[in-house]
Amino acid sequence: MADRERREQAALWLAVFAGLSDVLDGFLARTLGWQSRLGGLLDPIADKFFMVCAFVALAWIGALPWWLIVIVMLRDAVIVTGAFAYNHYVEPVPAEPSIPGKTCTMAQVLLVLAVLAQLAALPVPQQAITALIAVVAALAITSGAHYVWVWSRRARSVWRNRSAS
């Protein structure tokens with residue numbers, strides 16, 4: 001086995017381990033009540049940091065297109081900026097991921113794992129990667145728009161209620 005193939009397999013297993021440990025962490029937090037506001041904010045930030053690093057690294061080596069990374073990062077920037085603005089101008093932001101947001105994250109994870117598996121010489125068809133790229137792009141755009149729509153409506157509702165009282 002070539003040195004490069006070993007590194008790519010190690011990257012795949014590291015990503016699998018990181019994902020499984022995140023799932024276990026979330027399960028334990030919910031099951032045992034180990035939840036906090038800080039944890040609710042830091043966990044998705046850590047998850048997003050991992051995904052951004054994975055996406056950028058895969059684009060850097062030519063395994064993912066840069067236009068996809070731009071779309072995904074713009075979506076994240078819009079959500080984070082909106083959350084800061086909502087928190088500052090409206091009220092504290094509850095950590096409430098949406099179904100479209102969770103679906104987008106799942107598609108991103110599947111894409112990273114599929115690309116890493118392909119790089120590690122596992123039989124992943126290029127058509128599957130191409131389809132996942134299209135799905136991630138579409139979900140990033142629609143889930144980003146969904147967050148903007150939902151949180152804009154919430155902000156307007158809070159402001160209406162404040163001015164009515």
Side-chain angles (χ1 to χ4, degrees), residues 1-36 38-83 94-151:
M1 180 181 304
D3 189 43
R4 179 181 174 138
E5 194 173 308
R6 270 194 282 274
R7 285 193 313 266
E8 290 164 345
Q9 286 181 354
L12 172 61
W13 286 111
L14 179 62
V16 168
F17 176 76
L20 291 175
S21 67
D22 188 50
V23 169
L24 178 63
D25 169 60
F27 172 76
L28 291 174
R30 284 186 301 279
T31 304
L32 301 175
W34 295 345
Q35 296 171 309
S36 68
L38 180 61
L41 295 173
L42 290 180
D43 186 64
I45 291 170
D47 294 346
K48 193 48 64 182
F49 179 74
F50 177 79
M51 289 305 298
V52 166
C53 289
F55 267 70
V56 169
L58 291 171
W60 189 267
I61 65 169
L64 285 178
W66 280 104
W67 61 262
L68 179 66
I69 284 61
V70 169
I71 289 172
V72 168
M73 291 178 75
L74 278 174
R75 170 199 178 261
D76 294 342
V78 165
I79 291 171
V80 168
T81 302
E96 294 177 10
S98 69
I99 298 296
K102 286 184 174 195
T103 305
C104 183
T105 300
M106 179 57 70
Q108 290 177 13
V109 169
L110 289 174
L111 175 59
V112 167
L113 290 175
V115 170
L116 287 173
Q118 187 183 59
L119 289 171
L122 295 176
V124 178
Q126 185 56 44
Q127 297 91 328
I129 303 286
T130 302
L132 279 170
I133 288 170
V135 167
V136 166
L139 287 172
I141 293 166
T142 57
S143 68
H146 179 261
Y147 274 111
V148 169
W149 183 69
V150 166
W151 288 94

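Evaluation of the side chain to side chain donor-acceptor pair (under 3.5 Å) test over residues 108-123, restricted to residues two or more places apart or in two chains, returns Lys48-Gln108, Gln118-Gln126.
Scanning both residues, Ala107 and Val135, for their nearest heavy atoms gives CB-CG1, 4.1 Å. The two atoms that bring Leu113 and Ala15 nearest to each other are CD2-CB, 3.9 Å, heavy atoms only. Smallest separation of non-hydrogen atoms from Ser98 and Gly101: OG-N, 3.0 Å. Nearest heavy-atom pair across Cys104 and Ser143 is CB-OG, 3.6 Å. A pairwise comparison of heavy atoms in Pro100 and His146 identifies CG-ND1, 3.7 Å as the closest pair. In terms of heavy-atom proximity, Ala140 sits nearest to Ile71 at CB-CG2, 3.8 Å.
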- For side chain to side chain contact (heavy atoms under 4.5 Å, CB included), just list the numbers for Leu119 and Leu12, CA-CA rounded to whole Å, side-chain angles, deciding distance to a tenth of an Å, and then say yes or no. CA-CA 9 Å; Leu119 289 171; Leu12 172 61; over 6 Å; no

- Show your reasoning for whether side chain to side chain contact (heavy atoms under 4.5 Å, CB included) applies to Asp47 and Thr105. CA-CA 9 Å; Asp47 294 346; Thr105 300; over 6 Å; no

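Residue Trp60 places its CH2 atom among 12 or fewer non-hydrogen atoms of other residues, nucleotides or ligands, all under 6.0 Å distant. Other residues, nucleotides and ligands contribute over 12 non-hydrogen atoms within 6.0 Å of the CH2 atom of Trp67.
At least one donor-acceptor pair under 3.5 Å links the side chain of Ser21 to the backbone N or O of Ala18.
For the side chain to side chain contact (heavy atoms under 4.5 Å, CB included) with Val115, the lone residue among Leu110, Leu132, Leu64, Ile133 that qualifies is Leu64.
Between Leu68 and Phe55 there is a side-chain heavy-atom pair separated by less than 4.5 Å.
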